[in-house]
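What follows is a short report on a single structure.
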2 protein chains.
Amino acid sequence: MENNSCIRQQADIKQINRCKDRVAELNGSFDYLSNGLELAGNNVRLKILFLLYEEKQLCVCDLSDILGMTISAVSQHLRKLKDRKLIETERQAQTIFYSLTNEYKNLLEPFFIILDENKILETI
Amino acid sequence: MENNSCIRQQADIKQINRCKDRVAELNGSFDYLSNGLELAGNNVRLKILFLLYEEKQLCVCDLSDILGMTISAVSQHLRKLKDRKLIETERQAQTIFYSLTNEYKNLLEPFFIILDENKILETI
DNA sequence: TGTTTATTTAAGCAAATGCTAAAATACAAT
DNA sequence: ATTGTATTTTAGCATTTGCTTAAATAAACA
């Protein structure tokens, strides 16, 4: 695999091994977390997630209107979020309402709090 | 823009407008945050960021070794992270060391703490 | 039953992503 | 100056993403 022209005579072998162990140990957590962050890392989906956090539940139509996007486009984002269990649905008559799952509500809450207070530029 | 077949006779206009205002108000924060999360949402880059958090600084070669990836591939990830100011560099002789910027260290810390304790499955 | 309302799904496409392999750059040390 | 070490950059390519448009479901209601 490695076309490794870098021999690193100075490498700290202990450090390298410690890191390798750490990565192996936390591998499942990295997968879980990057999976969620990948979805939250899209501008539109981050807004959707935040709006669901604040409003508890919204339907595709609401989001389409709020975000100024096609219903179809929003629906496809919602499907991704639902497939990976970031959100869940509840039907009320003709309308399907989406809401955050508890898992991801907890996981993303630190960000939502920062967003809520619009403190991005102060925190950093 | 809208091929909107959804008239939403039941829509809560107040709610919609409140959400629109909120999105407009926080627009810059959404951009900033999704920009960072997009990068952290990649499995490889999340590991890199976490390793830099734990080890303070590492070079491409170290990361290539730890992650079992080509130096070139890692370097390209590092460039993205550097371009968007998630990490910064410091040269020491031939070796270029990467480290987290303070902004993103603070922003991502909640996740790193969860990862550090490998508590993903407990938190959720 | 058929029609309206709400929503999803499928096909298609331009743009972005993440990698490999090869070439280029940067600096150190002789 | 020349060589060695560390790293970046480029070109190319397969895959994925996010959208549009059009067609397909799903359930409520006349």
Side-chain angles (χ1 to χ4, degrees), chain A residues 1-12 16 30 34-35 37-49 57-84 87-99, chain B residues 1-12 16 30 34-35 37-49 57-84 87-99:
Chain A
M1 166 232 98
E2 200 64 323
N3 179 24
N4 199 336
S5 62
C6 170
I7 282 73
R8 278 180 307 98
Q9 303 179 318
Q10 315 276 29
D12 178 342
I16 301 290
F30 281 124
S34 66
N35 184 52
L37 294 183
E38 185 186 347
L39 290 181
N42 172 281
N43 196 291
V44 171
R45 284 190 300 259
L46 183 62
K47 287 174 186 163
I48 291 175
L49 292 168
Q57 59 169 35
L58 292 166
C59 67
V60 225
C61 243
D62 295 331
L63 289 165
S64 158
D65 196 349
I66 295 164
L67 300 171
M69 289 177 64
T70 284
I71 289 179
S72 172
V74 173
S75 179
Q76 287 173 73
H77 280 300
L78 290 172
R79 180 155 67 126
K80 283 194 179 184
L81 293 170
K82 194 187 174 190
D83 283 349
R84 301 211 221 163
I87 61 177
E88 57 201 359
T89 54
E90 190 202 331
R91 174 157 228 144
Q92 290 174 20
Q94 295 107 312
T95 305
I96 294 169
F97 284 99
Y98 286 87
S99 56
Chain B
M1 165 233 102
E2 201 65 323
N3 179 24
N4 199 335
S5 62
C6 170
I7 283 71
R8 278 182 305 100
Q9 303 179 318
Q10 316 276 29
D12 179 341
I16 301 290
F30 282 125
S34 65
N35 184 53
L37 294 183
E38 185 186 347
L39 290 182
N42 173 281
N43 195 293
V44 171
R45 284 191 300 259
L46 183 62
K47 287 174 186 162
I48 291 176
L49 291 168
Q57 57 169 36
L58 291 165
C59 68
V60 225
C61 244
D62 295 331
L63 289 165
S64 158
D65 196 348
I66 295 164
L67 300 171
M69 291 177 63
T70 283
I71 289 179
S72 172
V74 174
S75 179
Q76 288 172 73
H77 281 299
L78 290 173
R79 181 156 66 127
K80 284 195 179 185
L81 293 170
K82 194 187 173 191
D83 283 350
R84 303 212 220 160
I87 61 177
E88 58 199 359
T89 53
E90 190 201 330
R91 175 156 228 144
Q92 290 174 20
Q94 296 107 311
T95 306
I96 294 170
F97 284 98
Y98 286 87
S99 56

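Chain letters run A, B, ... following the sequence lines, proteins first and then strands; every chain starts at 1.
- Residue B:T95 comes nearest to B:C59 through the heavy atom pair CG2-CB, 3.5 Å, listed as atom of the first residue, atom of the second, then distance.
- The nucleotide whose nearest atom lies closest to any side-chain atom of A:I96 is, among D:dA22, C:dT7, D:dC19, C:dT7.
- When distances run from any side-chain atom of A:V60 to the nucleotides C:dT8, C:dG18, C:dA21, the shortest one goes to C:dT8.
- A heavy-atom distance below 4.5 Å is found between the side chains of A:Q92 and A:Q57.
- Remark: P of D:dT7 and NE2 of B:H77 are 17 Å apart, rounded to the nearest angstrom.
- Residues A:L58 and A:I48 are not in side-chain contact: their nearest non-hydrogen atoms beyond the backbone lie 4.5 Å or more apart.
- Under the rule for a salt bridge (Lys or Arg N to Asp or Glu O under 4.0 Å), A:R91 has no partner lying at least two apart in sequence or in another chain.
- Taking every side-chain heavy atom of B:I71 into account, D:dT8 is the closest of C:dC19, D:dT8, D:dT20.
- Scanning atom types as modelled, one donor and one acceptor separated by under 3.5 angstrom connect the side chain of A:S72 and the base of C:dT9.
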Under-3.5 Å N/O pairs linking protein and nucleotides 27-30 of chain C:
none

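- Taking atom CE of residue A:M69 and atom P of nucleotide D:dT20, one finds them 7 Å apart after rounding to whole Å.
- Of the candidate nucleotides C:dA10, D:dT9, D:dT7, C:dA10 has the atom lying nearest to any side-chain atom of A:Q76.
- Remark: C1' of C:dT9 and CZ of A:R79 are 7 Å apart, rounded to the nearest angstrom.
- B:Q92 places its CD atom 11 Å from the P atom of D:dT7, with the value rounded to the nearest Å.
- Shortest non-hydrogen contact noted between B:S34 and A:N43 is OG-ND2, 3.5 Å.
- The phosphate of C:dT20 (OP1 or OP2) has a side-chain N or O of B:T70 nearer than 4.0 angstrom.
- Of all heavy-atom pairs between B:T70 and B:S64, the closest is C-OG, 4.0 Å.
- Atom-to-atom, CG of B:L78 to C1' of D:dT7 comes out at 10 Å; the value is rounded to the nearest Å.
- The CG-C1' distance, from B:N35 to C:dA16, rounds to 14 Å in whole Å.
- Qualifying side chain to side chain donor-acceptor pair (under 3.5 Å) partners for B:S99, counting only residues two or more places apart in sequence or in other chains: none.
- Rounded to a whole Å, the CD1 atom of A:I87 is 13 Å from the C1' atom of C:dT8.
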Taking N or O atoms only and anything under 3.5 Å, show me the protein contacts with nucleotides 15-17 of chain D, one pair per line.
unit_1, atom_1, unit_2, atom_2, d
D:dT17, OP1, A:E38, OE2, 3.3

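- One atom, CG of B:D83, and another, P of D:dT8, lie 12 Å apart when rounded to the nearest Å.
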Under 3.5 Å donor-acceptor pairs involving side-chain atoms of residues 73-80 of chain A, not counting sequence neighbours:
unit_1, atom_1, unit_2, atom_2, d
A:Q76, NE2, A:S72, O, 3.3
A:Q76, NE2, A:S72, OG, 3.1
A:H77, ND1, A:R45, NH1, 3.2

Exercise. For side chain to side chain contact (heavy atoms under 4.5 Å, CB included), just list the numbers for B:D12 and A:D62, CA-CA rounded to whole Å, side-chain angles, deciding distance to a tenth of an Å, and then say yes or no.
Key: CA-CA 9 Å; B:D12 179 341; A:D62 295 331; over 6 Å; no
